[in-house]
Protein chains: 2
Amino acid sequence: MPRVADHHARRGQITDAVQRLVVRHGLTAVTVARTAAEAGMSVGLVQHYFTAKDEMLLATFTRVNRRFSARVDELVNRGEAEGRTIAEMLRQALAELMPLDDARRAEFLVRLAFTDQAAHNARLAAVQRETHVGIRSRVAQAIRNGTVCGEVVQGTDAADQALRIVAFAEGLALHTHIDPDTTPKSAVLAALDDQLGRVFTGTCRRAQPGSSAAGGTVP
Amino acid sequence: MPRVADHHARRGQITDAVQRLVVRHGLTAVTVARTAAEAGMSVGLVQHYFTAKDEMLLATFTRVNRRFSARVDELVNRGEAEGRTIAEMLRQALAELMPLDDARRAEFLVRLAFTDQAAHNARLAAVQRETHVGIRSRVAQAIRNGTVCGEVVQGTDAADQALRIVAFAEGLALHTHIDPDTTPKSAVLAALDDQLGRVFTGTCRRAQPGSSAAGGTVP
DNA sequence: GCTATAACCGTACGTCTATATTGCTATCGG
DNA sequence: CCGATAGCAATATAGACGTACGGTTATAGC
């Protein structure tokens, strides 16, 4: 048998290079030549590991999504293990959606680019859908398992609550991306906190719907 | 003087063609040749009206955004003129964000594509930002002007409320796009209604935070 | 009706891209 | 130690793209 290489690692090098290029210059700037250069290898080698560019991009998106939902899962699991309330737990988990630091901003850009691409690519769309329903169902399960003021929530449509709270988080993430100046970190996290508190601690601490608990627009 | 043409109309034909192409095949599939064919003219003529492809795309995005926020404005204005409550008014206006029919789905796809592109193009980003802050500030003004249970809302940070409700709507829009099957029209509109009711009619009709008013997942 | 000029067309050019192909190199099994 | 084979590199190729450019047509003003 001939020489061997760590197939998985090599593919990882390539998809990581793709990610960096997407973050820096967008998905349109990703060419196999540039990817090879970024990964420090030849174009021929990239071809050796991905028969076509589409496969390379699909693998990249799959990896990103896997890592992403794994991280959300882990945070929810930890929250449950530590016996946190639903609000506390989801706050930790959903903050992962937001582009609040460089790492998460980078990931957000990649997800955004592929979200667009997925609109006209069935395989990317499938990966996207899978990830989204996975996260939503994990959140729903957490809501079902979780406690509010020491009691388990019941009678609520957890799947629906999950949709709403995840959608809210993603909307905030988008706004943070589009206009960070008028949507500062503090305001976004305050909004998320407030919303979670409003929904998941309402049975003991009555919400005061007319008043905002926002921390204002601190720079 | 030589023959004259309706400059504005011609440019409109071209940007409309770009929009159709984006909807059908995505922004990457937009070439000047294809755009010319779609618009029923020659490549030379497209060049005559847009010196470069970038200008063409920028003009397209600008037009889309202008139309979009004009429509939101109009709906808010109408709601105010008809003396609707904040919740009723915003429900009408924010439904415009969602891809619930073919026309709005098309517009959503265009906005999504350009949102991605704007991440690495300063001019597109500026247009995007402008549109977003415009809509948010209009919504904020509507909240300040609006009534809840016959009374004007006061003491609330309207800008912050606007951010939250618009972000929520956009998050729902994104989920509708990504997975229409598990995020049906009815559920999305119910979520929006419920959220608006929860926030803007709380002073008279106490919210019951633990219970969901969702209409279920009807096909 | 002449003419200047905008409107409009077709094509050629240079660049960039994905991918096919060819060949070299290192190493594992025998 | 040797050859089969995977790992890897370099180049060739065919096509698509944006845009420059030369040419044609029609019309507004004189």
Side-chain angles (χ1 to χ4, degrees), chain A residues 1-22 24-62 113-114 116-117 120-124, chain B residues 1-22 24-61 113-114 116-118 120-124:
Chain A
M1 286 285 179
R3 66 211 272 206
V4 296
D6 188 336
H7 222 76
H8 187 73
R10 277 287 195 227
R11 288 169 66 100
Q13 285 179 29
I14 295 169
T15 56
D16 284 351
V18 171
Q19 283 184 60
R20 289 194 297 272
L21 288 177
V22 171
R24 283 210 296 272
H25 305 109
L27 197 49
T28 53
V30 175
T31 70
V32 307
R34 258 195 280 268
T35 303
E38 176 71 27
M41 55 180 79
S42 69
V43 288
L45 195 54
V46 173
Q47 289 182 289
H48 186 70
Y49 287 102
F50 294 104
T51 53
K53 190 189 177 186
D54 281 356
E55 304 294 328
M56 185 177 84
L57 296 180
L58 181 64
T60 302
F61 191 43
T62 304
F114 278 101
D116 172 43
Q117 204 72 4
H120 301 92
N121 181 321
R123 293 203 291 172
L124 291 177
Chain B
M1 286 288 178
R3 68 209 271 204
V4 296
D6 188 336
H7 223 74
H8 186 73
R10 277 286 194 228
R11 287 169 67 99
Q13 286 179 30
I14 296 170
T15 56
D16 284 352
V18 171
Q19 284 184 59
R20 289 195 296 273
L21 289 177
V22 170
R24 284 210 296 272
H25 305 109
L27 196 49
T28 53
V30 175
T31 70
V32 308
R34 258 195 282 269
T35 303
E38 176 72 26
M41 55 180 79
S42 70
V43 288
L45 194 53
V46 173
Q47 288 182 288
H48 186 68
Y49 287 103
F50 294 104
T51 54
K53 190 189 177 187
D54 281 356
E55 304 296 327
M56 185 177 84
L57 296 181
L58 181 64
T60 304
F61 191 43
F114 279 101
D116 172 43
Q117 205 72 4
H120 301 92
N121 182 321
R123 293 202 292 171
L124 290 178

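In what follows, chains are A, B, ... by sequence order, proteins preceding strands, each numbered from 1.
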Counting only side-chain nitrogens and oxygens, does [X] get under 4.0 Å of the OP1 or OP2 atom of [N]?
X	N	result
A:Arg3	D:dA4	no
A:Arg34	C:dC16	no
A:His48	D:dC8	no

Selected nucleotide, minimal atom distance to [X] side chain, candidates [options]:
X	options	answer
A:Met41	C:dA7, D:dT19, D:dA9	D:dA9
B:Pro2	D:dG18, D:dA9, D:dT27	D:dT27
A:His7	D:dC8, D:dG7, C:dA7	D:dG7
A:Thr31	D:dC8, C:dA18, C:dA7	C:dA18

Any side-chain heavy-atom pair from [X] and [Y] closer than 4.5 angstrom?
X	Y	answer
A:Arg10	A:Leu45	yes
B:Gln19	B:Asp16	yes
A:Gln47	A:Val32	no
A:Tyr49	A:Met56	no

Can you measure [X] atom [atom1] to [N] atom [atom2] for me and round it to whole angstrom units?
X	N	atom1	atom2	result
A:Asp6	C:dC28	CG	P	14 Å
B:Glu55	D:dT19	CD	P	10 Å
A:Leu45	C:dA26	CG	P	15 Å
B:Tyr49	D:dG18	OH	P	20 Å
B:Lys53	C:dC16	NZ	C1'	13 Å
A:Leu27	C:dT17	CG	C1'	15 Å

If you pin A:Ala5 and B:Val30 to their nearest nucleotides in DNA chain D, which one's is more 5'?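 Its nucleotide being nearer the 5' end, the pick is A:Ala5.
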Want to settle it: does B:Val43 or B:Val4 sit nearer the 5' end of DNA chain D, counting the closest nucleotide to each?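 The residue mapped nearer the 5' terminus is B:Val43.
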Any donor-acceptor pair under 3.5 Å between the side chain of B:Gln47 and the base of D:dA20?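 By the distance-only test, yes, there is a pair.
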Give one of base, sugar-phosphate or nothing for A:Phe50, where a contact means two heavy atoms less than 4.0 Å apart.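 Touches nothing.
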Please find the pair of heavy atoms, one from B:Lys53 and one from B:Val30, that lie closest to each other, and give the distance.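 Scanning both residues completely, I find the closest heavy atoms to be NZ-O, 2.9 Å.
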